[in-house]
Amino acid sequence: MNYYALIDCNNFFVSCERIFNPKLVNKPVVILSNNDGCVVARSNEAKKLNIPMGAPFFKYESYFFLHQVHVLSGNHALYADISRRVFLTLEEFSYPIEIYSVDEAFIQISGSIDSLVEIGKAIKEKIYQWVGIPVSIGFAKTKTLSKIASELAKKNSSSNGVYVLEETTFLFKSLFIQDVWGIGKKYKEKLNSFGIITIFDFIKEDPNWIKNAFNILLVRTQLELQGIPCIEIPNHEDYPKSMVHSRSLKKDYEDQKEIYSLLISFLSKLSTKLRSKKLETEGVGLFLYGNRFKDRSSFHAYRQLDFSTNTTSVLIQFFKPLFEKFKNDPFPVKRVGIYFFDLKLATEKQLCLLKIPDEKKDLMKTIDAINKKFPQSKLRYGSEAVDPYKMLSKKNSSSLYTTSFQELLTIRI
DNA sequence: TCTGGGGTCCTAGGACCC
DNA sequence: TCTGGGGTCCTAGGACCC
């Protein structure tokens with residue numbers, strides 16, 4: 001029998017922190033978003049204190065203090081590295097795999113229920129032993145069902161973190177549609193308005209009606225819930241179609257030179273990422289937002305290129321006029337972002353009949369190599385901000401234990 | 001009164017996910 | 001005072017074609 005499994009890291013960001021700081025074990029811990037804005041991860045103990053996902057830090061600060069909640073700024077370089085190690089370990093098992101997010105992966109597997117439980121246990125133990133991250137594993141006939149199974153694995157203490165979902169009819173009468181992968185807030189409200197409350201209600205609806213009232217995605221979800229796989233594991237090495245770098249700022253900024261140089265820093269950072277992944281872009285865009293809790297001002301502009309590139313100077317050249325448009329009708333800026341779209345593999349570069357700007361490939365290579373070797377003293381373009389971080393804020397971050405020699409863990413014996 | 005019909009392509013916006 | 005960031009996919013509607 002063919003199955004899918006979802007391997008899901010438990011409270012991933014918190015678990016990463018706990019590897020290096022055992023004092024956090026069994027304590028309520030929350031991880032904050034950039035700018036220390038809101039809660040993006042919680043330990044089980046923090047969940048028990050009814051701290052919701054997305055809770056704004058400033059509203060909960062005194063509550064955290066009262067309950068001795070450990071509060072950390074997100075250390076995403078660390079989490080990315082731990083994530084990589086988790087999936088390298090999972091790949092040891094040689095099943096077809098899809099890394100779905102920083103803390104989740106699907107695998108495809110066949111076997112009897114008993115053998116699945118054994119394999120699940122083995123995976124769970126190996127990841128914990130090799131990387132130190134606890135995971136939950138859910139097996140089922142489709143990806144959508146395996147999501148539900150992994151939640152059951154997490155909640156069901158008798159399952160030991162591994163759950164095989166077989167019979168669903170009874171279960172679905174007690175599960176709500178909003179617990180289904182692919183059904184968010186809007187769909188939930190609309191489905192509820194038609195009296196569809198549980199997964200059981202949803203499954204017996206006419207697919208044609210769902211197609212007309214919603215879209216093809218929900219029809220797929222419905223089939224998946226009935227055990228008919230519609231969402232496959234991609235069988236090729238995929239690369240991203242777009243890339244964004246965006247941040248909320250410490251305060252509202254009005255100085256256009258400051259905003260511009262920050263955007264150039266972002267552009268430079270994003271092109272470096274593009275090069276490190278051996279990709280090129282055929283489009284560049286930017287967006288600027290005012291403070292979304294006070295005013296709804298926004299600006300958005302993009303430019304399609306006639307060729308693909310990952311050269312910072314070339315991208316700056318095409319970016320400049322986009323920012324000029326903002327100057328016509330400026331507003332105080334609270335959030336900024338740069339994005340690339342229509343990404344292509346650098347190795348499959350299309351030749352262009354038109355004259356394209358000098359790509360300075362060797363210069364880019366040299367700059368990247370120097371910046372990699374000396375991360376403290378970054379080589380940058382003249383128009384980049386000298387210290388982009390002064391426009392952002394970050395307080396309680398843990399160290400880069402696994403990605404920086406300066407910040408290795410110190411152990412006293 | 002009554003104003004074609006059928007097709008493709010592109011994009012902005014909206015929904016979802018973590 | 002203070003509210004994250006990075007992605008994907010689908011669809012309606014407009015522009016354009018004959």
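Proteins get letters first, then strands, A, B, ... in listed order; numbering begins at 1 in each.
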S.K.: Just to be sure I understand the rule, does A/Lys241 reach a base, reach only the sugar-phosphate, or reach nothing, if contact means heavy atoms closer than 4.0 Å?
M.R.: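 Sugar-phosphate, backbone atoms only, no base.
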S.K.: Which part of the nucleic acid does A/Val180 contact within heavy-atom distance under 4.0 Å: base, sugar-phosphate only, or nothing?
M.R.: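 The residue A/Val180 makes sugar-phosphate contact but no base contact.
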S.K.: Taking the six-membered ring of A/Tyr253, is NZ or CZ of A/Lys251 closer than 6.0 Å to its centre and within 45° of its axis?
M.R.: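 Positive - A/Lys251 is close enough to the ring of A/Tyr253 and near enough to its axis.
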S.K.: Between C/dG4, B/dC16, B/dC18, which nucleotide has the shortest distance from any of its atoms to the side chain of A/Ser33?
M.R.: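 Minimum distance to the A/Ser33 side chain belongs to C/dG4.
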S.K.: Just so I know, are the side chains of A/Tyr187 and A/Leu218 near enough to count as touching, which here means a heavy-atom distance under 4.5 Å?
M.R.: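 Yes; the side chains approach each other to less than 4.5 Å.
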S.K.: Have a look at A/Glu104 and say if it touches a base, only the backbone sugar-phosphate, or nothing, with a 4.0 Å heavy-atom cut-off.
M.R.: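 If one applies the 4.0 Å heavy-atom cut-off, A/Glu104 turns out to touch the sugar-phosphate alone, with no base involved.
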S.K.: Do we count A/Phe293 as stacking onto C/dT3 if the rule is ring centres under 5.5 Å and planes under 30°?
M.R.: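 One would call A/Phe293 stacked on the C/dT3 base.
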S.K.: With heavy atoms under 4.0 Å as the rule, sort A/Tyr339 into base, sugar-phosphate or nothing.
M.R.: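 Answer is nothing: A/Tyr339 stays at 4.0 Å or more from every strand.
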S.K.: What contact category does A/Tyr302 fall into here, base, sugar-phosphate, or nothing, at under 4.0 angstrom with non-hydrogen atoms?
M.R.: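 The residue A/Tyr302 makes sugar-phosphate contact but no base contact.
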S.K.: What nucleotide, of C/dG5, C/dC10, C/dT3, holds the atom closest to the side chain of A/Ser248?
M.R.: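 Nearest listed nucleotide: C/dG5.
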S.K.: Contact class for A/Lys188 vs. all strands (heavy atom < 4.0 Å): base, sugar-phosphate, or nothing?
M.R.: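 If one applies the 4.0 Å heavy-atom cut-off, A/Lys188 turns out to touch nothing in the nucleic acid.
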S.K.: Answer yes or no: is there an ion pair linking A/Lys141 with A/Glu166, defined by an N-O contact shorter than 4.0 Å?
M.R.: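 Salt bridge between A/Lys141 and A/Glu166, a charged N being under 4.0 Å from a carboxylate O: yes.
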S.K.: Identify the nucleotide, in any strand shown, that forms a Watson-Crick or G-U wobble pair with B/dA15, with both distances under 3.5 Å; if there is none, say none.
M.R.: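 B/dA15 is paired, partner C/dT8.
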S.K.: Do A/Tyr289 and A/His300 have their ring centres less than 6.0 Å from each other?
M.R.: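 No, the ring centres sit 6.0 Å or more apart.
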S.K.: What is the distance, to the nearest angstrom, from the CD1 atom on A/Ile216 to the P atom on C/dT8?
M.R.: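 The answer, rounded to whole Å, is 21 Å.
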S.K.: Could you tell me whether A/Lys273 contacts a base, only the sugar-phosphate backbone, or nothing, with contacts defined as non-hydrogen atoms closer than 4.0 Å?
M.R.: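 Result for A/Lys273 = sugar-phosphate.
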S.K.: Using a heavy-atom cut-off of 4.0 Å across all strands, would you classify A/Val40 as base, sugar-phosphate, or nothing?
M.R.: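 Base contact.
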